[in-house]
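Step one of this worksheet: look at the structure below.
Along the sequence shown, residues carry numbers from 1.
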Amino acid sequence: MVVLFTCAGQRVDIVKAFRAAGAVALGADADPLAPALYHADRQAIVPRIADPGYVAALAALVREHDVRLVVPLNDLDHPVLSRARDELAPALLLLPEADVCARMSDKLEAHRFFVEQGIPSPRSWLPEEVPTDARYPLLVKAREGFGSRHIYRADDPEQLDFFLRYTTARSFVQERCMGEEFSIDVFSDMGGRCLNSIPRTMLLSKGGESIKGASIQDQELIAHGARVAETVGIKGPANVQCFREPDGSLPVTDVNTRFGGGFPLPLAAGSRYPELALALARGERPEPQLGEFEEGVFMTRFFSEVCLERDGDGALRPLLPLT
């Protein structure tokens, strides 16, 4: 089965995992130096997401390579591709519906949805609506941010005013959670049933990406991740970010409608998420296996690289064989 990975970027971990599960990986990116391209079986350079020809280029790849599954790897193209599901057919698009992607892409709208649905979420406001009883420190956060970009901590009203003037992103204000942070990697079928929910600790993060962590068999977090996934309407993978506060509540700060940055950890713990995705593309209906994974699997990350040279036709190719 050919699987198309959009915005392949640096997601070598995901491309390699799908290949190990038996897929033929077709990597697509606007940048010819995107390292994941060279770990894929096939490569394609496509327009940038904002280009009017982006979706058409992906649809052409679906037809040319008989693609049966499309796996988006970057938050930015989710609102675009979720509206283009029919254009990418007959390939299965591993994304929720367009309204879900749009709602989760806007962090303030996501917060409002969580509150409406009875899911705990840190108090949040538009900049002009911050109440006098807001608990500092407060966070100024981009409404459409990713990778921890445009997030600023304000310890008092003066700092809050400064960062609201300083930021260049459309922002909102959120109370900072005080407890321990967790990520929960979930995977749902195309009917919205959560098939598994794997919590992990956040021992170290850099730039919004998990660097060190461990899988944990925490039944409360497992159930919380599944509930959030099914309430939001997740289809395919998602990453639920939450805290356990001193009062025992589990406020959710983000739901990313893609494989999380810490993907190698749930994979090593036995998630079998690539196999589940391929099964969905074959039209199968796997049964939920909530909590079926290994506890105490640790991940610690490091940098790696792909060195390239130009061949006789000017195309880039790896200088050495890749493993």
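- With hydrogens and angles ignored, the 3.5 Å screen pairs a side-chain donor or acceptor of Glu245 with a backbone N or O of Met178.
- In terms of modelled atom types and a separation under 3.5 Å, the side chain of Asp185 and the main chain of Asn239 share no donor-acceptor contact.
- Grouping the Ile, Leu, Val, Met, Phe, Trp and Tyr side chains by contacts below 4.5 angstrom, directly or via other members, places Leu316 apart from Leu320.
- Of the inter-residue distances, the one linking Glu230 atom CD with Ile234 atom CD1 reads 10.5 Å to the nearest 0.5 angstrom.
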Check against side chain to side chain contact (heavy atoms under 4.5 Å, CB included), Thr253 and Cys242: CA-CA 6 Å; Thr253 55; Cys242 68; over 6 Å; no
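- Using a 30° and 60° split on the angle between ring planes, Phe163 and Tyr152 fall in the parallel class, below 30°.
- The backbone N or O of Val297 sits nowhere less than 3.5 Å from a side-chain atom of Arg200 that would complete a donor-acceptor pair.
- Minimum heavy-atom separation, Ala134 to Arg123: CA-NH1, 4.4 Å.
- Atom-to-atom distance recorded for Leu93:CG and Arg85:CZ is 4.5 Å, nearest 0.5 angstrom.
- For the residue pair Pro79 and Ser105, the shortest heavy atom distance occurs at CG-OG, 3.6 Å.
- Contact annotation: the side chain of Met190 approaches that of Leu92 to within less than 4.5 Å [non-hydrogen atoms, C-beta and beyond].
- Glu220 and Arg244 are joined by a salt bridge, as a carboxylate oxygen and a charged side-chain nitrogen come within less than 4.0 angstrom of each other.
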May I have the step-by-step check of side chain to side chain contact (heavy atoms under 4.5 Å, CB included) for Tyr136 and Leu160, ending in yes or no? CA-CA 10 Å; Tyr136 285 83; Leu160 178 62; 3.6 Å; yes
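- Contact detail for Leu267 and Pro274: the closest heavy-atom pair is CD1-CD, 3.9 Å.
- At a threshold of 4.5 Å between side-chain heavy atoms, the hydrophobic network of Ile, Leu, Val, Met, Phe, Trp and Tyr places Leu108 and Ile151 in two separate groups.
- Criterion: ILVMFWY side-chain heavy atoms under 4.5 Å apart, direct or through other members. Under it, Phe243 and Ile216 are not part of a common hydrophobic cluster.
- Judged purely by atom type and a 3.5 angstrom limit, Asn74 has no side-chain atom pairing as donor or acceptor with the backbone of Cys7.
- Using a 4.5 Å heavy-atom threshold, the side chains of Arg301 and Lys212 count as separate.
- In terms of hydrophobic clustering, with Ile, Leu, Val, Met, Phe, Trp and Tyr side chains grouped at heavy-atom distances under 4.5 Å, Leu195 and Val186 are assigned to different clusters.
- A 6.0 Å sphere centred on CG of Asp311 holds more than 12 heavy atoms belonging to other residues, nucleotides or ligands.
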Output, in order, the C-alpha distance, side-chain angles, deciding distance and verdict of salt bridge (Lys or Arg N to Asp or Glu O under 4.0 Å) for Arg193 and Glu287. CA-CA 9 Å; Arg193 293 186 309 162; Glu287 289 301 313; 3.6 Å; yes
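- A distance of 8.5 Å separates CZ in Arg153 from CD in Gln159, rounded to the nearest 0.5 Å.
- The OG atom of Ser249 sits 13.0 Å away from the CD1 atom of Ile119 when rounded to the nearest 0.5 Å.
- Of all non-hydrogen atoms in Ala28 and Leu61, the two that sit nearest each other are CB-CD1, 4.3 Å.
- Between the side chain of Ser197 and the main chain of Leu290, no donor-acceptor pair closer than 3.5 Å is present.
- Side-chain contact between Leu69 and Phe5 is absent, with no heavy atoms from C-beta onward closer than 4.5 Å.
- For Glu295, the CD atom is densely surrounded, since the number of other residues' heavy atoms within 6.0 Å is greater than 12.
- Within the 3.5 Å criterion, the main-chain N or O of Leu280 finds no donor-acceptor partner in the side chain of Glu284.
- Contact between Val55 and Ala84 at its shortest, heavy atoms only, is CG1-CB, 3.6 Å.
- At a threshold of 4.5 Å between non-hydrogen side-chain atoms, the residues Tyr166 and Val140 do not count as touching.
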Thr201 and Phe182: side chain to side chain contact (heavy atoms under 4.5 Å, CB included), yes or no, with the steps? CA-CA 5 Å; Thr201 59; Phe182 298 92; 4.2 Å; yes
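- Salt bridge Glu97/Lys235: present, at least one basic N to carboxylate O contact under 4.0 Å.
- Note that the OG atom of Ser82 and the CG atom of Leu88 stand 10.5 Å from one another [nearest 0.5 Å].
- In terms of modelled atom types and a separation under 3.5 Å, the side chain of His111 and the main chain of Pro122 share a donor-acceptor contact.
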Apply the test side chain to side chain contact (heavy atoms under 4.5 Å, CB included) to residues Phe114 and Val255: give CA-CA distance (whole Å), side-chain angles for both, the deciding distance (0.1 Å), then the verdict. CA-CA 10 Å; Phe114 298 148; Val255 175; 3.7 Å; yes
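- A donor-acceptor distance shorter than 3.5 angstrom exists from the side chain of Asn196 to the backbone of Glu292, with no hydrogens or angles considered.
- Evaluation of the salt bridge (charged side-chain N to carboxylate O under 4.0 Å, His left out) test over residues 101-114, restricted to residues two or more places apart or in two chains, returns Asp99-Arg103, Asp106-Arg143, Asp106-Arg170, Lys107-Asp254, Glu109-Arg112, Glu109-Arg143.
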Under 3.5 Å, which donor-acceptor pairs do the side chains of residues 35-48 form with other protein atoms, sequence neighbours left out?
| unit_1 | atom_1 | unit_2 | atom_2 | d |
| --- | --- | --- | --- | --- |
| Tyr38 | OH | Pro32 | O | 2.5 |
| Asp41 | OD1 | Arg19 | NE | 3.2 |
| Asp41 | OD1 | Arg19 | NH2 | 2.9 |
| Asp41 | OD2 | Arg19 | NE | 3.3 |
| Asp41 | OD2 | Ala25 | N | 2.8 |
| Arg42 | NH1 | His65 | ND1 | 3.1 |
| Gln43 | NE2 | Leu37 | O | 3.1 |
| Gln43 | NE2 | Ala40 | O | 3.1 |

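- Side-chain contact check for Gln219 and Gln217: at least one donor-acceptor pair (N or O, by modelled atom type) lies under 3.5 Å.
- Listed by chain and residue number, Leu4, Tyr54, Leu58, Val70, Pro72, Asp77, Leu81 satisfy the side chain to side chain contact (heavy atoms under 4.5 Å, CB included) test with Thr6 (two or more places apart in sequence, or in another chain).
- Side-chain contact between Leu138 and Trp125 is present, with heavy atoms from C-beta onward closer than 4.5 Å.
- Looking only at side-chain heavy atoms (C-beta outward), Glu175 and Ser124 stay at 4.5 Å or farther from each other.
- At a threshold of 4.5 Å between non-hydrogen side-chain atoms, the residues Ser210 and Leu265 do not count as touching.
- Of all heavy-atom pairs between Ala89 and Val62, the closest is O-CG1, 4.4 Å.
- Note that SG of Cys101 is 4.5 Å distant from CG of Leu95, once rounded to the nearest 0.5 Å.
- Annotation: side chain of Pro266 is not in contact with side chain of Phe293 (no heavy-atom distance under 4.5 Å).
- No chain of hydrophobic side-chain contacts below 4.5 Å, direct or via other Ile, Leu, Val, Met, Phe, Trp or Tyr residues, connects Val12 to Phe18.
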